[in-house]
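Quick caveat: nothing in here was measured; it's all calculated off a predicted structure. In listed order, ligands and their atoms are each counted from 1.
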Amino acid sequence: MKVTLANLLCFTVLASSGTSFPFERKTGVGKEKRVQYAAWDDVNVLAHGLLQLGQGLKEHVDKTKGQMRDISAKLKVFNGTVAELGKQTQRLQEDSEALKAKAQGLEDRESKMLNMSSELREKAEELLRERQRVNERMNKLEEKVDSMLQGESLETGSSNFSDARAIQWLLEAQNRRIDDLVERIKQQQEKLDKQNVRIRTLQSLIQVKNERLLLKRKEDDIHQNGSSEQRDSPNALASDCHEWFLRGETVSGLYTIQPSDSQPFEVYCEMTPEGGWTVIQRRQDGSVDFDQLWQMYQTGFGSLTGEFWLGLEKIYSVSKGGEHILKVQFSDWRDETQAIKYPFRLDGEENNYSLHILKSPADNLESALDTDAVGLPFSTRDKDNDQKNDLNCAKHLSGGWWFSNCGRSNLNGKYFMSPPPKQRHQRKQGVFWKTWRGRYYPLKTTVMMIAPAEIENKS
Ligand SMILES: *[C@@H]1O[C@H](CO)[C@@H](O)[C@H](O)[C@H]1NC(C)=O
Ligand SMILES: *[C@@H]1O[C@H](CO)[C@@H](O)[C@H](O)[C@H]1NC(C)=O
Ligand SMILES: *[C@@H]1O[C@H](CO)[C@@H](O)[C@H](O)[C@H]1NC(C)=O
Ligand SMILES: *[C@@H]1O[C@H](CO)[C@@H](O)[C@H](O)[C@H]1NC(C)=O
Ligand SMILES: *[C@@H]1O[C@H](CO)[C@@H](O)[C@H](O)[C@H]1NC(C)=O
């Protein structure tokens with residue numbers, strides 16, 4: 001096209017110069033008529049040349065317009081993609097910043113205990129590098145677009161869209177890359193979650209260790225003061241299973257404890273990851289007769305390694321020092337298990353060992369053992385303190401329990417192997433928890449245990 005244009009211009013210039021010379025010369029000589037004719041021919045030639053030039057220009061402009069329209073449509077599409085890319089990039093940025101913040105938080109909290117944070121930092125840095133790469137690619141793209149725009153205004157003649165195709169290809173590659181990154185961030189998040197769980201576990205272990213240290217310091221103080229407190233020797237007994245736990249005992253079994261204002265006695269301690277529970281009752285095989293009188297329920301009976309009732313006086317002395325939790329576990333004959341926890345307080349003998357559950361039952365399951373503000377006194381066959389006026393629940397059923405009416409729960413009833421007696425009047429004397437397996441289902445095993453309420457504050 002350029003060549004054609006140049007030729008046209010050249011032609012026009014030649015034509016005009018060829019006509020103007022004779023015109024001037026002949027005018028000077030004075031042969032006016034001949035000169036007029038010659039000039040007219042020249043004008044015709046000139047006009048023809050101009051017409052051709054105009055047509056050439058018009059064609060050229062039309063073609064250029066079409067190309068411009070084409071390119072601007074492509075640019076619009078590209079613009080959209082760039083905007084989308086920008087958005088995704090920002091999201092990536094936010095994600096990686098959140099990740100970085102998390103990694104930072106983890107590092108601060110656990111740098112002494114764990115070295116996972118350095119791994120995390122590496123990951124975050126890798127993400128940042130990835131971001132850098134994306135940015136570089138974006139810059140390159142921008143350059144390309146710029147040069148394309150410039151090329152368009154200068155080089156209007158040539159039609160070359162291979163640049164546009166290259167950009168499209170690059171964008172697709174970029175999109176795939178971003179998807180990949182998002183996926184990796186997701187994986188990173190999952191890893192972080194797992195690590196958080198681990199950190200929480202470790203934190204609770206640290207708390208236990210701190211408690212142990214505190215206790216040790218307290219004991220050292222007492223020892224140094226040489227005071228006449230109960231534990232004035234390094235071999236002093238723990239006051240309950242949780243204290244043994246805090247002193248480093250982690251194996252369940254028999255321990256001797258000495259609650260304040262009490263003689264030492266042996267208990268079975270159930271050691272769990274979060275603390276030590278003092279077991280106060282266990283049923284598992286029917287080897288011990290639980291149909292006992294008040295005095296036996298007061299002092300306790302059975303074998304600590306088998307079935308037993310620890311005794312109301314001992315339970316009272318262990319639990320009187322502060323808020324405690326009662327945990328009740330039972331299993332049925334399909335070996336399914338259930339556990340319930342109650343914050344509670346137990347009165348002493350002067351109030352017939354009344355039980356106070358310190359929160360109203362959260363669900364139906366818990367409601368089988370509930371007390372009002374006054375508390376629920378303990379009853380045996382020979383000491384009827386239940387809330388039924390016309391009936392002695394302990395006599396009507398079996399064993400000793402915090403009976404309200406006679407039908408909600410009794411974990412000290414008669415032990416029945418499977419299958420239980422068919423007669424209802426026999427079966428109702430069994431070990432039952434009405435709101436779990438029902439009034440007439442004799443449970444397979446039950447365990448009751450207590451621990452200071454602080455044991456719950458850890459999880
Ligand atoms: C591209 O988008 C920007 C703003 O997002 C706008 O200013 C510009 O005019 C757009 N260009 C085209 C060719 O659509
Ligand atoms: C954590 O890792 C870094 C290097 O990855 C190492 O220099 C440092 O000693 C490690 N710290 C601990 C407590 O393991
Ligand atoms: C189009 O551009 C490419 C490189 O961008 C170049 O190799 C090619 O020769 C150009 N085609 C035309 C027709 O100008
Ligand atoms: C030990 O004695 C000091 C001062 O004599 C006192 O402040 C501290 O409370 C005592 N510690 C205990 C555990 O009695
Ligand atoms: C404790 O039980 C006895 C016998 O059942 C009863 O006489 C007494 O009033 C009870 N004491 C309290 C404080 O409820």
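Between the side chains of T380 and D382, at least one donor-acceptor pair of N or O atoms lies under 3.5 Å. Side-chain N/O atoms of H396 and K428 include a donor and acceptor closer than 3.5 Å.
Interface of N351 with ligand 5, defined as ligand atoms under 4.0 Å from a residue heavy atom, comprises 13 (C). Every atom of ligand 5 with a heavy atom of E350 under 4.0 Å away is listed here by number and element: 13 (C). For ligand 5, the atoms closer than 4.0 angstrom to any heavy atom of K383 are 2 (O), 3 (C), 4 (C).
Rounding to the nearest 0.5 Å places CH2 of W402 at 11.0 Å from OH of Y353.
Here T89 pairs with nothing under the side chain to side chain donor-acceptor pair (under 3.5 Å) rule; sequence neighbours left out.
Nearest protein heavy-atom neighbour of atom 5 (O) of ligand 5: N385 OD1, 2.5 Å.
Checked by distance only, ligand 5 and N352 come closer than 3.5 Å through their nitrogen or oxygen atoms.
Within the structure, disulfide (SG to SG under 2.5 Å) pairs that include any residue of residues 246-310 comprise C241-C269 (at least two apart or interchain).
Atom 7 (O) of ligand 5 is never approached by the protein to below 4.0 angstrom, counting heavy atoms only.
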